[in-house]
Structure formats: C-alpha cells, structure tokens
Amino acid sequence: MDLKSNNHQQQQQVLDGSDIVELVENEKVFDKFVEQKFQQLDQDEDGKLSVTELQPAVADIGAALGLPAQGTSPDSDHIYSEVLNEFTHGSQEKVSKTEFKEVLSDILLGMAAGLKRDPIVILRMDGEDLSEFVHGPGYEIESISVFSELSSSKDASLRDCIVKALQSLSVDHGMPPSNDPWVMSNIVEPIVDSCLDEEDKREKSASQERFLEAFKRVVESVAQRLNEQPVIVAHSENTFDGSGIRRLLSNKFEFDKALNVAMETIPKDRQGKVSKGYLRAVLDTVAPSATLPPIGAVSQMDNMIMEALKMVNGDDGNVVKEEEFKKTMAEILGSIMLQLEGSPISVSSNSVVHEPLTSATFLPSTSTDTEEPSN
C-alpha cells in the first residue's frame, strides 16, 4: 500500500562512513575516544574490561549492525558472541585498553566499509513535505486508493482506518515511520484522537467522503506538529542481487583469503577436520565480503540461507576435511547468488534518531526508544 512520493527535496545528511574512517585514522582523536569509551565501560576501574563490562559495547555494536536485541533471536545471538570473542580472543577473562582499541578499530573500519557501500541518509522532517503532499494534486487520488483497500474491513472504526492510512505514508511523503513506538505514541495517536470526537472514533463503515475529510484534517495536523518540532529519521535502503557474491567467487584469491580469516577461530579436530555445524558462522563472517547482510538482519535472506544449507545438508553435524568445508561454502554462496539473481531482495529501513549524530559513537544512533528526538 505504498503511496507515490512527492518531488520536494528533503533536508538530508548522508552518512557514508567517512567520519568513522577520519576518527580512526586520527590517532590523537581516536586515543581520546577509546579512553572515554574504556572509562565508561570499566565500572570497577581496574584498568581492564571483564566480559560483563564489555556487554554494553557488544550491544551497541549489534544495534549499529541492525541486529535484534541480544537474547531475542537465536539466528543473530551468535553474532553477539562472535563480537565478544573478537575482544576476548575466545578465552580471555579481561581485556586491556590496548586490546580494546585494536579490536574496536577493526570493527569501526568494518562498519565504515559497510556505510560506504550502503550509506545511511539522515532526514529532517519538518512538515514541509507532508504539507506539500496533502495540498498537492495527487493527494485525493492516492487517498481514495488507500480508502478502497481499508474499506474492505467492515469492522474497522474510522479511527483505525485513519491510523492505518497514516502508516501507509512513507518518508518520501515527509511522514516519520509510524511503526516506530515513539512516533505512534507521541504523534499518531495523540493527533488522531484530538482530531476525532468520541463518536467519530467509533464510527464504522465510514463513507469515502467522510474518510477523506477526516484523513486530510489529521495529516494537516501532523504536518503542523512536525513544523513545530521536527523529527530526525535515519533512512537506508539496499538491494541484494547476488552481484557481490559473484564478484567474490570470481576472485579466487579474495575468496580464499576471506574463508581463511573466517575459519581461523573455527575449532578443528586432531585430523584438521571441521564440523559442518560451523557453516552458518563462517558464512556470517564472510557475508560483508559477499555484500550480504548479517544473519538475523533480513528475514527473507535468512530463509534463502536456510534453503541453501538444506541443499548441502549443512545442519547434519558431519565432520569434513577443511577443503571439503570450503567447497561446501562455495556451493552455499553459489546457491544464494542464483536465488538473488532470479529474485533480488530490496530492504529499506527508517528509524527515528534520538541522539545527536557525531562520529564519537559506534554508529549514529538509530534507536527507537521513548525519548524525545533531537530537533
């Protein structure tokens, strides 16, 4: 139920990772940044970070990668464990400031590379685009189209229809993401309730004319609210079409290098064999080189990966020689590539930004908590 975008150029800032690279490469500034982060995490002030003290940093990095909160998804929880293992090398109980700096540098540069490939656009939504849309020539036609879809539900109240119609508006219209809890509780629900009286809210099977009149009044009020207090939204979009995998597989040197790095931390038995149970972990480590998202970040991609693993019996737990393991990994990537070439996956995300955007963070915050967004 996507509506067409208007043509107004929104105020925006593009985050392409250059600020992060600049931070890491400026030794004096990066040392100060590491010192600040280290002191924040070192709760017992013993000059080293325990596994417990590292957890907030790991959580921040996971959030920056767009992963679900730790403990909420088995598919992504192992990524948090891998990040923690990067700091502790899988065995250390305490991490020194030097070790923390080295690992953090690698992680930040990896994030910067990801942002260079898939930039995040920061939009300042001040109601101008939304007002332009509601008073534009295409508003009524598009709103009628939305109403025709909503009117099929006879039990829906006018209030429910208005809320769902607002959710159909995209950032291209100048509407902050309505699925964001802050937007819903601080903008959508209060404004809808203020624009409709109690009888209107309960009204069912409202006429098209009644819906259009009420919806326009609500959208105009939302535009006014944004004009008084703009909302900052982080927008990103990406299309996975298999081209990144094809590039990686066509360069044997780069592919072998990526696999060897990924397999350094994978346990091997006395004969040097590897359990196929680690295919998923290695795939997740190789993912950035293949221009793929982390496992757990995109559900459609996760389903595609599961199908590819089933094709090679990737979950049977058998132990194989390292060369066979690598061959199987190439088969999995090849299967995913063919699926993506036939049916690319496009992903976009919009999150309300609640903290100032500076380079002195693991990534610019895109949280959706209930704090007031920056003006």
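Side chains are part of it too, since the values below use all heavy atoms of this structure and drop only hydrogens, waters and symmetry mates. Fair warning: this is a prediction, and the values are worked out from it, not measured in the lab.
E35 and K97 are joined by a salt bridge, as a carboxylate oxygen and a charged side-chain nitrogen come within less than 4.0 angstrom of each other. K252 has a carboxylate O that lies under 4.0 Å from a charged side-chain N of D256, or vice versa, which qualifies the two as a salt bridge.
Enclosure of atom NZ in K268 by more than 12 non-hydrogen atoms of other residues, nucleotides or ligands within 6.0 angstrom is indicated. For E22, the CD atom counts as loosely surrounded, since its 6.0 Å shell holds 12 or fewer non-hydrogen atoms of other residues, nucleotides or ligands. Enclosure of atom NZ in K94 by more than 12 non-hydrogen atoms of other residues, nucleotides or ligands within 6.0 angstrom is indicated. Around atom CD of E331, more than 12 heavy atoms belonging to other residues, nucleotides or ligands sit under 6.0 Å away.
Of the possible donor and acceptor atoms, none in the side chain of S343 sits under 3.5 Å from a partner among the backbone N and O of Q339. Side chain of S143 to main chain of E140: no donor-acceptor pair is present (N/O by atom type, distance under 3.5 Å, no hydrogens or angles). With S275 contributing its side chain and Y278 its backbone, the two residues share no donor-acceptor pair below 3.5 Å. No side-chain donor-acceptor contact under 3.5 Å links D129 to the backbone of H173. K101 contributes no side-chain N or O that, together with a main-chain N or O of F30, makes up a donor-acceptor pair within less than 3.5 Å. Looking at S131, its side chain never comes within 3.5 Å of a backbone N or O of E128 through a donor-acceptor pair.
Note that the CG atom of L49 and the CG atom of L54 stand 5.0 Å from one another [nearest 0.5 Å]. Between the CD1 atom in I295 and the OG1 atom in T285 there is a gap of 9.0 Å [rounded to 0.5 Å]. F87 CZ to I107 CD1: the interatomic distance, rounded to the nearest 0.5 Å, is 4.0 Å. A distance of 5.0 Å separates CG in L226 from CD1 in I187, rounded to the nearest 0.5 Å. Interatomic distance, L279 CG to D284 CG, rounded to the nearest 0.5 Å: 12.5 Å. Note that CG of L23 is 9.0 Å distant from CG of D19, once rounded to the nearest 0.5 Å.
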V95 and E53: side chain to side chain contact (heavy atoms under 4.5 Å, CB included), yes or no, with the steps? CA-CA 10 Å; V95 175; E53 289 171 331; over 6 Å; no
From CA spacing to verdict: salt bridge (Lys or Arg N to Asp or Glu O under 4.0 Å), R217, E213: CA-CA 6 Å; R217 188 165 67 248; E213 183 256 331; 2.3 Å; yes
Using side chain to side chain contact (heavy atoms under 4.5 Å, CB included), reason through I144 and F211 one step at a time and then give a plain yes or no. CA-CA 9 Å; I144 290 173; F211 168 81; over 6 Å; no
Does the side chain to side chain contact (heavy atoms under 4.5 Å, CB included) test come out yes or no for V233 and D180, once each step is laid out? CA-CA 10 Å; V233 173; D180 183 289; over 6 Å; no
Side chain to side chain contact (heavy atoms under 4.5 Å, CB included) evaluation trace for V188 with M175: CA-CA 10 Å; V188 173; M175 180 69 194; 3.9 Å; yes
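Side-chain contact between F100 and K37 is present, with at least one heavy-atom pair separated by less than 4.5 Å. Looking only at side-chain heavy atoms (C-beta outward), K164 and V146 stay at 4.5 Å or farther from each other. Annotation: side chain of L166 is in contact with side chain of V219 (closest heavy-atom distance under 4.5 Å). Under the 4.5 Å side-chain criterion, counting only non-hydrogen atoms from C-beta, E189 is in contact with M184. Proximity of K326 to F255: side-chain heavy atoms (C-beta onward) are nowhere separated by under 4.5 Å. Using a 4.5 Å heavy-atom threshold, the side chains of I336 and L283 count as touching. In this structure, E307 and M304 have side chains that are not in contact, with every pair of non-hydrogen atoms separated by 4.5 Å or more. In this structure the side chain of F33 reaches within 4.5 angstrom of the side chain of L108, judged on heavy atoms.
Annotation for S185 and P190: closest pair O-CG, 3.2 Å, computed over non-hydrogen atoms. Contact detail for M263 and V282: the closest heavy-atom pair is CG-CG2, 4.2 Å. Minimum heavy-atom separation, G47 to D42: N-OD2, 3.0 Å. Here the closest non-hydrogen pair linking D193 and R159 is OD1-NE, 2.8 Å. What you find for G244 and T291 is that their closest heavy atoms are CA-OG1, 3.4 Å. Across all their heavy atoms, S178 and Q167 have their closest contact at CB-CG, 3.5 Å.
No continuous path of hydrophobic side-chain contacts links M311 to I305 [ILVMFWY only; heavy atoms under 4.5 Å]. With hydrophobic clusters built from ILVMFWY side chains whose heavy atoms lie under 4.5 angstrom apart, V261 does not share a cluster with M329. Note on V319: it does not cluster hydrophobically with V312, by side-chain heavy-atom contacts below 4.5 Å among ILVMFWY residues.
Residues D241 and S243 have side chains that bring a donor and an acceptor to within less than 3.5 angstrom of each other.
Residues passing the side-chain hydrogen bond (donor to acceptor under 3.5 Å, both in side chains) test with E220, sequence neighbours excluded: H135.
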